[in-house]
Amino acid sequence: GNSVTQMEGPVTLSEEAFLTINCTYTATGYPSLFWYVQYPGEGLQLLLKATKADDKGSNKGFEATYRKETTSFHLEKGSVQVSDSAVYFCALSPTGANSKLTFGKGITLSVRP
Amino acid sequence: DTAVSQTPKYLVTQMGNDKSIKCEQNLGHDTMYWYKQDSKKFLKIMFSYNNKELIINETVPNRFSPKSPDKAHLNLHINSLELGDSAVYFCASSQERSGRGELFFGEGSRLTVL
């Protein structure tokens, strides 16, 4: 079946530190890959996505590259801010008309001033 | 205007009661979802409707019954509430039924069963 594995958290960083959050997936075919972010007390919102191998998604200084050879979609940001403190979810959607989005367990990021 | 709105935001009730959560989206999307988020933040899909038709029905107890009166609304009714039903329930919508498009989430409804 399809699955998404995220690195264990939580992660605590100082402001302006470099961020990497690992995500690997298991799926047949060519899934679409996503990062969603959940700020405290809110619902999830799409951060970025990639729909085919070697695509790079980017938004708000965050980037992730779809690596089919390593089945990975790691999230990176060069310099985090306190406002980036949130829960980050990696997700995949396989091909198919009624396919569903499968989420990883989520990882909590705390950025201290 | 809120794109996906859920009511109530908080719900505290006793075991054995029946409760409903309502969801409305004003984005013109055809597909709506219910997700359950447990205390460890793990998200699991429960149901999905496309234009009032049930298209995804995960293995959830039949005490949970979704209803979609029209494509802009998807309600969740829960009978005989149990302690394990305590969670945050998120409604979401998307333009595509394939799951490959962006999902827009509501702010969640926190259900606490005592």
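These values consider heavy atoms only, across backbone and side chains, with no hydrogens, waters or symmetry-generated copies. Numbered from 1 within each chain, the chains take letters A, B, ... in sequence-line order. Because the structure is a prediction, the values reported are computed rather than measured.
Heavy atoms from other residues, nucleotides or ligands lying under 6.0 Å from NZ of A/Lys68 number more than 12. Other residues, nucleotides and ligands contribute at most 12 non-hydrogen atoms within 6.0 Å of the OH atom of B/Tyr10. The 12-atom threshold is exceeded at CD of A/Glu69, counting heavy atoms of other residues, nucleotides or ligands nearer than 6.0 Å.
Of the atoms belonging to A/Lys105, heavy atoms from both backbone and side chain fall under 4.5 Å from chain B. When heavy atoms are compared at a cutoff of 4.5 Å, A/Thr102 does not approach chain B at all.
Taking 4.0 Å as the cut-off between side-chain N and carboxylate O, B/Glu102 and A/Lys49 do not count as a salt-bridged pair.
The candidate with the highest count of non-hydrogen atom pairs below 4.5 Å against chain B, out of A/Leu33, A/Val87, A/Leu44, A/Leu46, is A/Leu44.
Under the 30°/60° scheme for interplanar angles, the aromatic rings of A/Phe73 and A/Tyr66 are found to stand perpendicular. Taking the six-membered ring where the residue is Trp, A/Phe89 and A/Phe103 present perpendicular rings, their angle passing 60° and hence far from 30°.
Both A/Tyr25 and A/Leu47 are assigned to one and the same hydrophobic cluster, defined by single-linkage of ILVMFWY side chains at heavy-atom distances under 4.5 Å. Criterion: ILVMFWY side-chain heavy atoms under 4.5 Å apart, direct or through other members. Under it, B/Phe90 and B/Phe64 are not part of a common hydrophobic cluster.
Rounded to the nearest 0.5 angstrom, B/Leu11 CG and B/Asp85 CG are separated by 11.0 Å. One distance of note links NZ of A/Lys60 with CG of A/Leu48; it measures 10.5 Å at 0.5 Å rounding. We find the OG-OH distance between A/Ser85 and A/Tyr39 to be 9.5 Å, quoted to the nearest 0.5 Å.
Scanning residues 36-48 of chain B against chain A with a 4.5 Å non-hydrogen threshold yields B/Gln37, B/Lys40, B/Lys41, B/Phe42, B/Leu43, B/Ile45, sorted by number. Using a 4.5 Å heavy-atom cut-off against chain A, no residue of residues 66-79 of chain B qualifies as contacting.
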